[in-house]
Every structure is written in C-alpha cells, then in structure tokens.
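Structure, as structure tokens:
Throughout, a chain's letter reflects where its sequence line sits, starting with A, and its residues are numbered from 1. For clarity, every value in this text was computed on a predicted model and none was experimentally measured.
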Amino acid sequence: MAALNPQQQAAVKTIDHPLLVLAGAGSGKTRVITEKIAYLVQQGTLARYIAALTFTNKAAREMKERVSKLLDSQQSRGLRVSTFHSLGLDILRKEHKALGYKSGLTLFDDQDKLTLLRNLIAHGLTDCDIDAVDFYNKQIGDWKNAFITPERAISTATDENHAVALLYNDFNRNLKAYNAVDFDDLILKPVLLFQQNPEILEKWQNKIRYLLVDEYQDTNITQYQLVRILAGNLGRFTVVGDDDQSIYAWRGAQPENLAQLEKDYARLKVIKLEQNYRSAGRILKVANQLISNNPHTFEKKLWSNLGFGDPLKVISHKDDRSEATQIISEIIHHKFRHGGNYSDYAILYRGNHQSRLFERTLRENNVPYFISGNSSFFAYSEIKDILAYLRLFVNQDDDAAFLRIINTPRREIGPTTLEKLGAYANKRHISLFTACFELGLAQSLSEKSVFRLKKFADWIIDTAEKIEIGDTFVVIDRFIQQLNYEAWLHENSKTQAAAERKIKNVYDLIEWLKRIADKETEDEKSLAEIISKILLMDILERNQEEEAGDQISLMTLHASKGLEFPHVFLIGIEENLLPHQNSIETDNIEEERRLAYVGITRAQRSCTFSYCTHRKRYGEVSECEPSRFLNELPEEDLEWSNKKQLEPEVIKARGKANLANLKSMLS
DNA sequence: TTATCCAAGATTTTT
DNA sequence: TCTTGGATAA
C-alpha cells in the first residue's frame, strides 16, 4: 500500500488538538480515519476507548473491515465503529432508567409514526388536519434534528405552528407511554440525558476518550450536540468532512457545523486533503468547474496524477425508453470491447423511480445488475408483520405493533371492535393490549368480540413468557407454525411465487435474528436487544454476498456517496430532475449541484451524462430540457453525441438489434 | 366483516 | 404507469 502523503500523515498524527480534516472526494478520508485508529492504538490508547461514527451501516462495515487489516483482533478489541444511531441506541439501552424508560425499548419506524400521528389527530384535542399528516411528521422530525424539545417548540411557535407544537408534545408523550422512541430520538435523548445527568455523561466520556466522525458535513444540530458533549472540553476528536458533498440538508444536516467548529474550539486545527487518488484529471477538472458555481467557506481544489483522460460524453435520447436501451447497450458494448467486468459500471440517478425502466431492460437482456437500497427489507409487509409480533412479545404496550397484527392473520377482529377497544383504552389511559383484559369491555362489546381479544392477548402473553424462560428461537419457530402465517401468505398473495418469496423473507429474517443473537455478548442477547438493533440495520447488510457478484450497480446519487466505479453513467441530467423540480421551486439549486458533483466524482476513468428530450411522467409524455448543470461544464472537455434526431422506431429497432447482436456475441 | 373495484395521487433524496 | 385507500356490495 502506498505511503500516506504529508497532509494525510499530519491528519493521522495530530492527536493533541481537536482536528477538522477537509477531505475532498477520493482523497483517502476513510484511510485517514482507519490509519488514525491504528496510530492511536500504537500510541497507547486502548481500542475500547476509541469510537468512530458514520452515517450508514455500510460505511461502518467497511471501516471495520479496513481497521481489521491494520490491527489484529487483540489490538482492536472493544473498538466502537458504528452509526450515530446505533451509538444512540446503545446509550439508551444502557441508561434507559435515567430517562424513565422500561427495558424492552421499541423503535418506531416512519410508518408507525404516521399511524400514531393519524390516531392522535383523529382522537386528540389538537386542531390539526389529518391530510397534512406528512407535513406534521416532517416538522416534528425537523424539530428533533434541531434539538428543539416540545416545550421549546410550544413556547416559540408561531400561530400557525402552535397546533403542530402541541401535537409534537402529544406525540412524544404517547411514544413514552408505549415505551418507544423514534429514529431522531436515538440522537436527541442521549444528549438530553447527558445534559441532565453529569455523572452519566462522565461515565460515557470515560468510555469514549477519542472520537472520530466520518462525513461530518452531514451532521445535524442534534448530532453536533452529541459530538460536542461527548468530546467535552478537551476536544479529543477528529472530524472528516467535505462541504461540497453535503447532500442531506433536507434531512436537517448543517454543513455550517464545519465552520462552527472553529468558533467552538479555539485550538482547532484544520488540514486539507486535496490530492485525489480516484479519478482521471479531466473528470476532476469538470467536477471542480461545476462546483465552483457554489459559494465556499473553505476553498479547495482537487487534483490527481492519474492522467488526463478522454472527454466526458453527453448523450441525448428521444425518450426514457430509448435512454435505458441505449445506455445498457453502450455498457455491454464497452464491456465487450474492453473485456472488463459488469461491476465496473454504475448507473446513477436522482430519483428511485428512474431505475424502473433500466431494471426491466436489464432483466429482459439477462444482464446481471444490483439495485442498491431501493426498498428496505423492513418495508415488506410480511417482515413488518413478524416484527410487530416480536415487538409485542417484548413490549405489550406497543400499540402500533398491536394494531398492525391484531387481525393478521384474520381473527375476526375488525375496525368496529378496535374502535371501541381504542375508546376504552383511551379513557383509562392504558394500552390496547392491557385493555383486552378489562372486564369493563363487556359493556360496549359483544361477548364474542371480548372473547376473541382475550384469547389473542392470552396467547401473546403465554408465548412471551416461553420466550423469556425457554430457548428463544425454538419458541419463535413454533410460534410461526402456530400463527399459520404461511397459509395466510398463500391465501393473500397474487401468485404462488410471490407467496414463496414472502415465506422465504420471513425465514431469512429469523435466520438473521439468530445470527445477530450469536454475535452479541451474553448480556445483550435478549430478544428485546436484538429487535431494537435489527431495526437499525438495512437490507444492504443482508445483501453483502449478492453485492459482491459481477453486476452493474444501479443507485441514487445519494446512495452513491463514498463509492467509486471505473465507469459512471449519470442518467436523466435534465431540468426538473437534476436539479429536481422541488429544489428549483424552493431555490435550492446549490445542493442539487453538489449532488451532481458527488455523481461525477464517483468516476475513476469515464463519466457519461445522459438526458432525454421526452420522458414519461405519471404515464404522460412530457418534454424535457438538458440540465443547466451541463452548461456549467467546460465545453472543451465534453463530447456531445446524437446531434441528429432519429425517428423513435429507428432508435428502437437499432437498440434492439444492438442488444441482440451483443447478446449472441457474449454467449 | 370481508372482498372487490375504481379513482386519485405519486416521484427527491434516508438513518 | 403503478400503488394505495376508500367506497360499495355480498
């Protein structure tokens, strides 16, 4: 492995000052973090006192892997490399008592939140409109990301916001009653905990004596609070970031946090990494030119010595169909000519929906591909069902889980029954589950309904007890049989194959849980711990093996950050798509430009842009214009093709012929 | 209480 | 174009 360059070395060896590393794309920032961990250990800091924080599971996994190449397992024992969210979950699990939570904390996902909010609006006292529930959800999330508690939201709310602030308060109280937290709470609650309990803070500051943060430009206000309070006044931390790659402002990320560090830590050192080890010079030139249209707090100019390279291609298409056909045919062609691998190619796009046509075309032509992060494993209804049961075993006050599966599979407990049960529970301030056992129910419900509810609740309690005392997974396997879930899936799936797939998903989930249980240390083995943990993981975790195969990568620009590919195709570079229409309307072009910048800087050897003159939107054909960003690129480094417009049928026929030809050549 | 059909809305990005 | 949810019938 090549030696570190002087700036990288300085970044690794600066450990007596708080440090900000401004690391351009491809400048080896992950390497700096991993080498720094190794250096700290060599300098005598035990690995168990070091924590490295990332935003994605994938990044954490990769970092762990790279550290393991530098340190043996003895040396790296106890090293913490995790996402912000799993650190937060860890803290909450260990300190739940101080915040007034019971053990068996439930994690609410976005759907659970929306269900709860809808319920609160429907039955609550606040003056909110059910149709605006998405807006409220976002507002509450924004508050949590900006470290604004309900009390503060209420006291500072404007007239129009006042009702939402009350809803926020209501929402939080309900979460508490369910012994649940949402994703944002995983960061917010630990900060509150530390602020209110100095002795607990001290304990954790003692546990984490050196903190490293990756993708620092993506931190929101609350995350920065967490970093700050953990790092304490000593400021024993290194953060690595790049303001040009800040693409999560919509989620509350504050690239201003980079500049804020200089204000908060007088002793802060700043080191810039500007040598790029990834891309050909021409690609960097184009990227630099594009991003120079944005204002900058920190000036920085990437360069590389990997050769200049060919001009970047810009291809126009008649419509989105022929875009897919032509780009794929181009890739097959290119691969055949150069004898590379499918995995050398990535197709990047702004919105997930853009992958559809490509996916179909790839499948029709038997080209192996991998779509990254399209839909989460946890979005599958069968997975949500099973998880809801598991959640209920662990925490019977979890109304969201209760509602999800009370009638799945069918137990003849319909909306009317639930409506009455809900009213009863509401009046008594008890959970739906607890209400099932109340004698008072008989007043509003038929004997039959009460019996069904109680039978269900008894069964849950019974199984939960068995899980507690017996072999957890034996009990769970038996429970799935008792559920008759397989039969239910068969009844409710459109095709036999769909049912089989769902059943496989369920068993995958259980297998996965088992594997996590095996990995955890003894005291973290309870089902409760495992379930809260698994919700933080994503499908990528599961698809490691699949991802490793020789296949074309398809993903959103957001998902591509941190990755690199020899050949990148940036598709749909059109006005209203990139920059996205909403961003144009809200005058937020800069972040879109950074998104394009991220896309271009993923490329090692070639980068190709593609746009359509017509595109189907919502099934209607509409006209498109090439993106303004194309005009910002240096003309001499671009090579435009498709100057003359062909008739659609000709393109179609040609594309088909091309693909057919290549296919026969390949096989 | 459940099944089926039709209309309306969605497509920005995610831990 | 596809998915979701609400209305209606059985």
Side-chain angles (χ1 to χ4, degrees), chain A residues 53-60 82-89 107-111 113-114 118 130-131 134 137-138 141 144-145 181-188 214-215 218-220 222-223 245-253 320-321 348-357 360 372-376 378-379 381 407-419 446 448-449 452 491-492 494 533 535-541 555-561 572 576-586 588 591-592 594-596 598-599 615-622:
Chain A
L53 296 182
T54 64
F55 279 85
T56 63
N57 294 302
K58 200 170 171 181
S82 73
T83 61
F84 268 92
H85 294 268
S86 42
L87 171 67
L89 178 63
L107 192 52
F108 265 36
D109 70 8
D110 224 49
Q111 241 182 55
K113 279 165 71 180
L114 285 172
R118 284 200 194 98
I130 194 115
D131 291 327
D134 287 324
N137 185 30
K138 187 176 183 317
K144 289 189 175 186
N145 287 330
V181 292
D182 63 20
F183 279 83
D184 303 321
D185 285 336
L186 291 177
I187 317 292
L188 180 82
D214 191 17
E215 306 283 11
D218 289 338
T219 51
N220 60 40
T222 310
Q223 281 158 338
Q245 291 186 71
S246 161
I247 52 176
Y248 286 104
W250 52 274
R251 227 173 83 192
D320 45 352
R321 260 196 114 96
L348 308 181
Y349 37 80
R350 178 69 234 261
N352 272 315
H353 62 283
Q354 287 173 267
S355 69
R356 264 216 197 105
L357 270 176
R360 198 163 78 198
S372 177
N374 201 4
S375 73
S376 168
F378 299 107
S381 62
N407 205 27
T408 307
R410 299 270 108 85
R411 287 188 188 89
E412 296 177 294
I413 300 170
T416 331
T417 310
L418 288 177
E419 179 87 16
S446 71
K448 232 182 191 164
S449 304
R452 285 174 187 142
E491 278 167 39
N492 287 279
K494 290 215 171 75
K533 202 154 191 168
L535 282 172
L536 279 181
M537 303 186 171
D538 57 18
I539 189 163
L540 294 171
E541 201 87 22
M555 67 187 82
T556 63
L557 288 162
H558 283 88
S560 76
K561 193 166 66 157
N576 296 323
L577 208 49
L578 182 67
H580 193 271
Q581 187 171 2
N582 296 355
S583 301
I584 296 174
E585 280 162 13
T586 56
N588 190 16
E591 180 145 320
E592 298 290 307
R594 289 193 290 267
L595 210 40
V598 165
R615 178 181 291 279
K616 255 191 187 169
R617 289 183 87 190
Y618 309 129
E620 297 268 303
V621 175
S622 61

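When the C1' atom of B:dG9 is taken as reference, atom OH of A:Tyr618 falls 8 Å away, rounded to whole Å. Atom-to-atom, CG of A:Asp218 to C1' of B:dT13 comes out at 12 Å; the value is rounded to the nearest Å. Between the CE atom of A:Met555 and the C1' atom of B:dT13 there is a distance of 14 Å, rounded to whole Å. Following rounding to the nearest Å, A:Asp134 (CG) and B:dT11 (C1') show an atom-to-atom distance of 14 Å. One interatomic measurement links the two molecules: CD1 of A:Ile584 to P of B:dT11, which rounds to 18 Å at whole-angstrom precision. In this structure, A:Lys138 atom NZ and B:dT14 atom P are separated by 15 Å, rounded to whole Å. The nearest whole Å value for the distance from the CD atom in A:Glu620 to the P atom in B:dG9 is 15 Å. In this structure, A:Glu591 places its CD atom 13 Å from C1' of B:dT14, rounding to the nearest Å.
Each of A:Phe84 and A:Arg356 lies near DNA chain B, and the nucleotide nearest A:Arg356 is the one positioned closer to the 5' end.
A side-chain donor-acceptor contact under 3.5 Å links A:His558 to the backbone of A:Ile247. Looking only at distances, a side-chain donor or acceptor of A:Glu591 sits under 3.5 Å from a matching main-chain atom of A:Ala249.
Here B:dT11 is the nucleotide among C:dT1, B:dT11, B:dT14 with the atom lying nearest to any side-chain atom of A:His580. The nucleotide whose nearest atom lies closest to any side-chain atom of A:Asn352 is, among B:dT13, B:dT1, B:dT15, B:dT13. For A:His353, the side-chain atoms get nearest to B:dT11 when compared with the rest of C:dT1, B:dT11, B:dT15. When distances run from any side-chain atom of A:Phe183 to the nucleotides C:dT1, B:dT15, B:dT13, the shortest one goes to B:dT15.
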Legend entry - Worked verdict on A:Arg617 versus A:Glu620 for salt bridge (charged side-chain N to carboxylate O under 4.0 Å, His left out): CA-CA 5 Å; A:Arg617 289 183 87 190; A:Glu620 297 268 303; over 6 Å; no
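A:Asn407 comes within contact range of the sugar-phosphate backbone alone, with a heavy-atom separation under 4.0 Å but no base atom that close.
Side-chain contact between A:Ser82 and A:Leu53: present, with at least one pair of heavy atoms (C-beta onward) separated by less than 4.5 Å.
Applying the 5.5 angstrom centroid cut-off and the 30 degree plane-angle cut-off, the aromatic ring of A:Tyr248 is not stacked upon the base of B:dT14.
Between B:dT14 and A:Thr556, a contact under 4.0 Å exists linking OP1 or OP2 to a side-chain N or O. For B:dT11, the OP1/OP2 oxygens have no side-chain nitrogen or oxygen of A:Asn576 closer than 4.0 Å. For the pair A:Thr417 and B:dT1, the criterion of a side-chain N or O lying under 4.0 Å from OP1 or OP2 is met.
Nearest heavy atoms, A:Glu592 versus A:Ser583: OE2-OG, 2.8 Å.
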